[in-house]
Amino acid sequence: MILPRAFYDRPCLTVARQLLGKYLCIAGDEGVRAGRIVETEAYIHEEDLACHARHGPTPRARTLFGPPGHAYVFLVYGMHHCFNAVCEPQGSAAAVLIRALEPGNLPLRTDGPGKLCRALSIERSDNGRDLTAGDRIWIEDRGEARVIGLATPRIGVDYAGEWAKKPWRFVDPKSRWLSRKITFPNRPRRPPPSQ
DNA sequence: ATCCAGATGGTC
DNA sequence: ACCATCTGGATA
């Protein structure tokens with residue numbers, strides 16, 4: 001089932017959790033490519049100093065302020081794309097970044113936001129695309145059991161001060177395809193091999 | 001295992 | 001001047 005607009009028209013943290021275990025799909029020349037979502041992050045409103053909406057509805061951030069259920073795609077570090085699903089009602093600037101997929105039958109690795117965009121050929125021309133029309137990019141519910149997401153701080157936003165510490169990244173703890181391994185504090189390390 | 005420089009270009 | 005990343009090379 002293609003996720004309907006009502007799925008996205010809810011609080012960003014809810015959408016970020018519920019996207020775990022869903023399938024990001026794209027239709028291309030050689031059929032449909034899809035991967036299971038195992039890692040997400042929420043970016044929430046103008047006051048979130050890690051969110052691109054922090055400077056208001058600039059040309060880049062405009063789609064964040066638009067209606068839910070659309071793609072927000074941008075270029076980072078001059079070479080990688082990031083894919084987000086816009087959520088919450090129009091005028092409420094929030095989106096969920098998809099950070100990792102289980103590759104399934106995809107030929108390239110998808111354990112990172114830039115890598116998954118490359119594997120699915122998502123680029124800036126996909127910015128603003130309607131995710132509920134089912135014509136090129138959509139997200140599917142394939143009836144799997146609900147994933148209990150593990151919350152952690154977001155990656156790569158240390159510049160955002162207090163906002164960087166909020167536990168707004170969600171991972172499927174059973175997946176081996178996360179952009180970073182899950183680390184537990186004070187877990188003893190395996191000793192180096194002795195001769 | 002961890003650390004880090006460099007690539008590269010849009011955005012403010 | 002930054003930056004929601006990735007890769008390869010150095011080091012231990």
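Naming convention: chains lettered A, B, ... in sequence-line order (proteins, then strands); numbering from 1 in each chain. All heavy atoms count here, side chains included; hydrogens, waters and symmetry mates do not.
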- request: Could you check if a side-chain atom of A/His70 sits within less than 4.5 angstrom of a side-chain atom of A/Tyr8, using non-hydrogen atoms only?
  value: no
- prompt: Starting at CZ of A/Arg180 and ending at P of C/dA4, how long is that distance when rounded to a whole Å?
  reply: 13 Å
task: In whole angstrom, give the distance that lies between atom CG of A/Leu64 and atom C1' of B/dT11.
output: 14 Å
statement: Encoded 5' to 3' (Watson-Crick or G-U under 3.5 Å; [ ] crossing; | other strand), DNA chain B becomes |||||||.|||.
query: Hydrophobic cluster mates of A/Ile2, side-chain heavy atoms under 4.5 angstrom, ILVMFWY only, any path?
result: A/Val32, A/Trp138
- prompt: For A/Ile182, what residues pass the side chain to side chain contact (heavy atoms under 4.5 Å, CB included) criterion, not counting sequence neighbours?
  reply: A/Leu150, A/Val171, A/Pro173, A/Leu178, A/Phe184
message: To the closest 0.5 Å, what do you measure between CD1 (A/Ile98) and CD1 (A/Ile37)?
response: 4.0 Å
message: If you compare every side-chain N and O of A/Arg124 against the phosphate oxygens of B/dT11 (OP1, OP2), does one of them come in below 4.0 Å?
response: yes
task: Taking side chain to side chain donor-acceptor pair (under 3.5 Å) as the test, write out the residues that go with A/Arg124, two or more places apart.
output: none
Members sharing A/Trp177's hydrophobic cluster (side chains within less than 4.5 Å): none
- request: Can you measure from CD1 (A/Ile137) to CG (A/Leu131) and round to the nearest 0.5 angstrom?
  value: 7.0 Å
task: Each residue besides A/Val76 in its hydrophobic cluster should be listed here, by chain and number; the cluster joins Ile, Leu, Val, Met, Phe, Trp and Tyr at side-chain heavy-atom distances under 4.5 Å.
output: A/Leu64, A/Phe65, A/Tyr72, A/Phe74, A/Tyr77, A/Val86
Would you give me the side-chain donor-acceptor pairs under 3.5 Å for residues 88-95 of chain A, sequence neighbours excluded?
unit_1, atom_1, unit_2, atom_2, d
A/Glu88, OE1, A/His45, NE2, 2.7
A/Glu88, OE1, A/Ser92, OG, 2.6
A/Glu88, OE2, A/Cys12, N, 2.8
A/Ser92, OG, A/His45, NE2, 3.2

query: Where along residues 111-121 of chain A does a heavy atom fall under 4.0 Å from DNA chain C?
result: A/Gly112, A/Pro113, A/Gly114, A/Lys115, A/Arg118
message: Which residues in residues 72-108 of chain A have a heavy atom closer than 4.0 Å to any atom of DNA chain B?
response: A/Leu75, A/Tyr77, A/Gly78, A/Met79
- prompt: Rounded to the Å, how far apart are A/Ile155 CD1 and C/dC3 C1'?
  reply: 16 Å
message: Going by salt bridge (Lys or Arg N to Asp or Glu O under 4.0 Å), name the pairs with one or both residues in residues 94-112 of chain A, residues two or more places apart or in two chains.
response: A/Arg36-A/Glu102, A/Glu39-A/Arg99, A/Glu41-A/Arg99, A/Arg109-A/Asp111, A/Asp111-A/Lys115
Flag side-chain contact, heavy atom, 4.5 Å: A/Leu120 against A/Leu101: yes
task: Would you confirm whether A/Arg154, through its side chain, and A/Trp163, through its main-chain N or O, come within 3.5 Å as a donor-acceptor pair?
output: yes
statement: The remaining residues in the hydrophobic cluster of A/Val157, counting side-chain heavy-atom contacts under 4.5 Å among Ile, Leu, Val, Met, Phe, Trp and Tyr, are A/Tyr43, A/Leu97, A/Tyr159
Using the 3.5 Å cut-off, write out each protein N or O paired with an N or O of nucleotides 9-12 of chain C and the distance between them.
none

